[in-house]
Amino acid sequence: MTLKKTNSPLSDDFLPFSRPSINAQDILAVNEVLTSGWITTGSKNAEFEKNMCEYTGSPYAVGLTSATAGMHLLLKALGIGKGDEVITPSMTWVSTVNLITLAGATPVFADVDKDTLMITKDSVENCLSKRVKLIIPVHFAGASVDMDPLKQLARDHKIKIIEDAAHALGSSYKGVPTGAFGTSVFSFHPIKNITTGEGGMICSDDSELIQRIQRLKFHGLGVDSFDRNTQGRLPQAQVIEPGFKYNLPDMLAALGISQLKRIAVFNKKREALARLYLELLKDVDQIIPLAPPPEEAGHSWHLFIVRLDIEKAAMTRGQFMEELKKNNIGTGLHFRAVHLQKYYRDTLDIPPGALVNTEWNSKRILSLPLFPDMTEKDVHRVVNTIKKVLKK
Ligand SMILES: *Cc1c(COP(=O)(O)O)cnc(C)c1O
């Protein structure tokens, strides 16, 4: 089904780097909630949580307004604060680092592998100190971090891990779906593999942690889950500790339920398009894709990221993106390294060159269009345009 675009400022020819796939079932599902008399958190959220547990293999899940909200609650629940250090990549979305900083703790950046953009056991080991309480690895672009050595390192040093799985719904590691073990945070922002408009989910096998999250996500009230008889929470619920307001409303959860039914189809489509890109880009010298994932790895192909060889191309990444835009091709930037952004340049004393691979990539990286409703023809168009722009 093609939906009429009503509020897009872009021309019909413009190919964005991402677009959510919304079909008639999605719309019906949201409509049903809107006319039901109960639109905030209730039975749809509970059903979405249950479906996410089934899909990932995680025993518990909590629906939230965003992955950022999930990260906030987890830092709070783990007691991360002043004097603590948290290891994470600088090649990530700013939300994690902002929250570490707002919690009063110090982010410590582990460098990433040059061609996977992910932290490794070795790079994390270089950052260890007595103050490190937590590691937040990011499963980048849909591939999985090499978790086993990292988990061993964390166990040896009694450090906790939270997996940033915002890119990784549908990916797996050694045959096990991301989210099945430990604690992971997923995002349902419109560019992610499924969307609820805005939304997120914590999946965890830690029942105590989940109880705490249930409380903290809704004012700190001491009634854990949705009560089918009263629809919402019991009116006599009491504040056990001050909490936040991060519950996922049913009108969004309904969209999530409907979208999750198509995750396998979405990711298969993403993979086919990504493989075509890899094939067609083989003879474009100035474009360097990320390292291909190992054969057995389940990749969710959240983003199709390449690096522009700025020396060979004789133009900056910014100029390249601008040229593509002039030719009606949208691109994204995932991500400008966090430590190179103004606030963190000013407040963290990280000498230039300390994060060699992160900085190399931060200058050259861009995301080409990749979303399930794209066609093979679109991929050919992107690659042909890239060739044209680079020839100029
Ligand atoms: C999108 C994203 C987030 C944040 O997700 P929200 O749901 O927008 O809060 C966190 N980390 C990474 C790596 C992301 O790409």
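Read the numbers this way: they start at 1 and go in the same order the structure lists the ligands and their atoms. FYI, side chains are in, hydrogens and waters are out, and symmetry mates aren't considered; it's all heavy atoms of this structure.
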May I have every N or O pair linking ligand 1 to the protein at under 3.5 Å, one per line with atom names and distance?
residue  : atom   : partner : partner atom : Å
ligand 1 : 5 (O)  : Ser187  : OG           : 3.2
ligand 1 : 7 (O)  : Ala67   : N            : 2.9
ligand 1 : 7 (O)  : Ser187  : OG           : 2.7
ligand 1 : 9 (O)  : Ala67   : N            : 3.3
ligand 1 : 9 (O)  : Thr68   : N            : 2.8
ligand 1 : 9 (O)  : Thr68   : OG1          : 2.5
ligand 1 : 11 (N) : Asp164  : OD1          : 3.4
ligand 1 : 11 (N) : Asp164  : OD2          : 2.7
ligand 1 : 15 (O) : His167  : NE2          : 2.7
ligand 1 : 15 (O) : Lys192  : NZ           : 3.1

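Remark: Lys282 pairs with Glu279 by the salt bridge (charged side-chain N to carboxylate O under 4.0 Å, His left out) rule, at least two apart or across chains. Qualifying salt bridge (charged side-chain N to carboxylate O under 4.0 Å, His left out) partners for Asp205, counting only residues two or more places apart in sequence or in other chains: none. Contacts of Lys325 classified as salt bridge (charged side-chain N to carboxylate O under 4.0 Å, His left out), with partners at least two apart in sequence or in another chain: none.
The pair Arg275-Glu271 meets the salt-bridge criterion, since a charged nitrogen lies less than 4.0 angstrom from a carboxylate oxygen. Between Lys133 and Glu85 no salt bridge is recorded (no basic side-chain N to carboxylate O distance below 4.0 Å).
Classified by interplanar angle (parallel below 30°, tilted 30° to 60°, perpendicular above 60°), the ring pair Phe244/His72 is tilted.
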